[in-house]
Amino acid sequence: MINADRLWNRLMELGEIGKQPSGGVTRLSFTKEERAAKEKVASYMKEAGLTVYEDAVGNLIGRKEGKEKDAPVVLVGSHIDSVYNGGMFDGPLGVLSAVEVLQTMNERGVETKHPIEVVAFTDEEGARFSFGMIGSRGMAGTLSEEELVHQDKNGVSIAEAMKEAGLNPSEIGKAARRKGSVKAYVELHIEQGRVLEEANLPVGIVTGIAGLVWVKFTVEGKAEHAGATPMPIRRDPLVAAAQIIQMIEQEAKKTGTTVGTVGQMKVFPGGINIIPAKVEFSLDLRDIDATVRDHVLQSIIEQAQKIGKERNVLVNVELLQEMPPVLCSELVQNAAKEACGQLGLDIFSLPSGASHDGVQLARLCPIGMIFVRSKDGVSHNPEEWSSKEDCAAGANVLYHTVLRLAMGE
């Protein structure tokens with residue numbers, strides 16, 4: 001169906017832009033590397049016969065007209081920005097597969113009722129400004145000028161970076177699509193986990209995207225001399241933090257669906273011979289069911305406070321960010337299931353633990369995702385890999401899924 005060699009060669013070519021000595025890829029939003037990547041993808045879009053443009057937040061879009069130009073558009077795509085030293089498949093596979101789908105349609109003379117647009121969203125990852133999904137927020141109409149104050153490590157704000165890229169921050173509202181103008185959004189993406197690999201399957205259909213909550217814990221005790229302070233009278237916040245972290249793991253395991261991760265920790269003052277005065281650490285908690293996730297979080301907070309009292313330390317909890325879970329629409333899931341059946345692939349459903357642009361677009365239109373098997377479940381890492389055969393299988397499922405959506409009512 002699709003041209004597997006062309007798709008693979010483009011993935012490899014794009015992977016050279018922003019490539020690091022480690023072999024990883026760094027392409028942050030509104031940088032020269034991202035601009036070079038956009039220009040490369042735009043050239044692929046033009047080769048595919050698409051009309052190419054960028055919107056007010058920098059989303060790169062390639063459009064194939066439908067028989068009914070005013071019919072709601074079918075959106076398909078992903079992102080081409082990366083985390084620091086990331087892989088070459090996370091994001092680009094979805095964008096380049098979408099381009100390949102439309103190029104194949106044009107080569108075969110396929111006309112659809114609905115227009116189809118490939119979109120490479122601006123800054124899905126949030127690696128540069130610690131604030132992501134800028135492009136999908138803009139398209140969904142939920143991005144505000146107030147949020148453009150987020151800064152990178154050099155003190156450059158999103159608004160300033162946009163201006164440097166030739167965009168006008170005061171015009172971000174022009175990127176918003178009106179309700180009813182988009183029929184559905186479909187994204188092909190690597191799984192970033194091991195579920196498909198464990199099932200020995202190349203492709204899966206996503207049922208929903210887990211909702212996350214980010215929390216900052218601060219545990220305060222008393223800094224004292226490591227040698228002169230007897231163990232029974234210490235107020236050591238690091239020991240309390242360690243106990244809380246172990247408890248977080250236990251609570252997350254209880255539901256069978258919740259995942260909890262402590263990925264950051266700071267110890268103050270940090271001397272080898274000083275009992276710490278304060279410890280800060282993060283919690284990333286996710287579940288496909290917001291009620292379950294929130295129940296787990298409440299239990300964690302209550303037990304953390306109890307541990308603090310038992311160890312005579314102060315525990316403070318600050319909510320940093322919250323995103324609700326999003327269910328994938330039956331419309332897209334059914335189209336993907338039919339596509340798998342047509343191609344002779346097993347129909348296998350699974351949730352997404354990672355967040356994606358679809359979380360934002362769910363406010364605008366029905367959304368759905370197709371996953372491709374990830375080797376060893378590795379992602380956001382130079383070792384990230386999906387085989388040529390699996391990428392082609394995913395792109396073929398995407399082809400038939402998009403075709404069904406764009407042909408139908």
Side-chain angles (χ1 to χ4, degrees), residues 83 130 191-195 197-198 209-325 350-355 374 376-381 383:
V83 297
S130 298
E191 182 197 346
Q192 301 175 282
R194 296 195 300 270
V195 175
E197 188 175 60
E198 291 293 324
I209 303 171
L212 66 81
V213 59
W214 286 354
V215 174
K216 177 182 175 182
F217 282 82
T218 303
V219 186
E220 297 183 74
K222 186 176 181 180
E224 296 182 283
H225 194 285
T229 310
M231 299 299 289
I233 65 171
R234 294 185 178 205
R235 297 175 55 206
D236 190 334
L238 184 54
V239 176
Q243 193 173 339
I244 293 169
I245 292 168
Q246 284 187 310
M247 176 269 294
I248 287 171
E249 181 184 48
Q250 293 163 2
E251 288 300 305
K253 282 181 176 179
K254 286 180 181 178
T255 68
T257 56
T258 309
V259 290
T261 305
V262 174
Q264 296 178 333
M265 176 175 278
K266 295 179 181 178
V267 180
F268 305 91
I272 194 171
N273 60 347
I274 306 171
I275 299 168
K278 182 173 72 172
V279 176
E280 296 176 350
F281 64 92
S282 63
L283 168 62
D284 178 315
L285 193 69
R286 306 186 188 211
D287 199 288
I288 200 72
D289 187 320
T291 302
V292 173
R293 181 202 65 192
D294 293 346
H295 176 76
V296 173
L297 178 60
Q298 186 59 37
S299 179
I300 287 171
I301 292 172
E302 290 174 357
Q303 292 187 62
Q305 296 292 354
K306 183 180 178 182
I307 291 169
K309 288 180 180 179
E310 290 172 350
R311 291 194 166 273
N312 196 23
V313 296
L314 180 65
V315 177
N316 183 61
V317 182
E318 178 186 357
L319 178 66
L320 299 178
Q321 181 173 242
E322 181 177 3
M323 288 187 184
L350 72 166
S352 171
S355 196
S374 294
D376 299 326
V378 174
S379 184
H380 285 187
N381 184 293
E383 299 303 314

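Count residues from 1 along the sequence.
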The reported gap from CD in Q192 to NE2 in H380 (rounded to nearest 0.5 angstrom) is 5.0 Å

Counting C-beta onward and ignoring hydrogens, is there a side-chain heavy-atom pair between M323 and I209 closer than 4.5 Å?
no

Apply side-chain contact (heavy atoms from CB on, under 4.5 Å) to F281 and I244, showing your working.
CA-CA 10 Å; F281 64 92; I244 293 169; 3.8 Å; yes

Once rounded to the nearest 0.5 Å, what's the spacing between atom CZ of F217 and atom CD1 of I300?
6.5 Å

Can you see which heavy atom on I274 is nearest to which on A226, and at what distance?
N-CB, 4.0 Å

Using a cut-off of 6.0 Å, state whether more than 12 heavy atoms not belonging to Q264 lie near its atom CD.
no

What are the two closest non-hydrogen atoms of A304 and V315, and how far apart are they?
O-CG2, 3.7 Å

Please check if the side chain of T261 supplies one atom and the backbone of G263 the other of a donor-acceptor pair under 3.5 Å.
no

Where do P237 and V279 come nearest, in terms of heavy atoms and distance?
C-CG2, 3.9 Å

Going by side chain to side chain donor-acceptor pair (under 3.5 Å), name the pairs with one or both residues in residues 220-231, residues two or more places apart or in two chains.
none

Contact list for residues 233-249, test side chain to side chain donor-acceptor pair (under 3.5 Å), sequence neighbours left out
Q243-R311

Pairs in or reaching into residues 241-267: which pass ring-ring contact (aromatic ring centres under 6.0 Å, His included), with residues at least two apart or in two chains?
none

Rounded distance [0.5 Å steps], CG in L283 versus CD1 in I301:
8.5 Å

Can you name the closest pair of heavy atoms from I288 and A210 and give their distance?
CD1-N, 3.6 Å

Starting at CG of L314, measure out to NZ of K309 and round the result to the nearest 0.5 Å.
11.0 Å

Salt bridge (charged side-chain N to carboxylate O under 4.0 Å, His left out) against D376, all qualifying residues, sequence neighbours excluded:
none

If you round to the nearest 0.5 Å, how far is CD1 of I307 from CD1 of I245?
10.0 Å

Could you give all pairs that pass the salt bridge (charged side-chain N to carboxylate O under 4.0 Å, His left out) test and reach residues 286-295, with sequence neighbours left out?
D284-R286, R293-E322

Residues forming a salt bridge (charged side-chain N to carboxylate O under 4.0 Å, His left out) with E251, sequence neighbours excluded
K254

Are any non-hydrogen side-chain atoms of V215 and L285 less than 4.5 angstrom apart?
no

Please report the closest heavy-atom contact between A252 and G260, naming both atoms and the distance.
CB-N, 3.8 Å

Got a donor-acceptor contact below 3.5 angstrom from the E191 side chain to the G377 backbone?
no

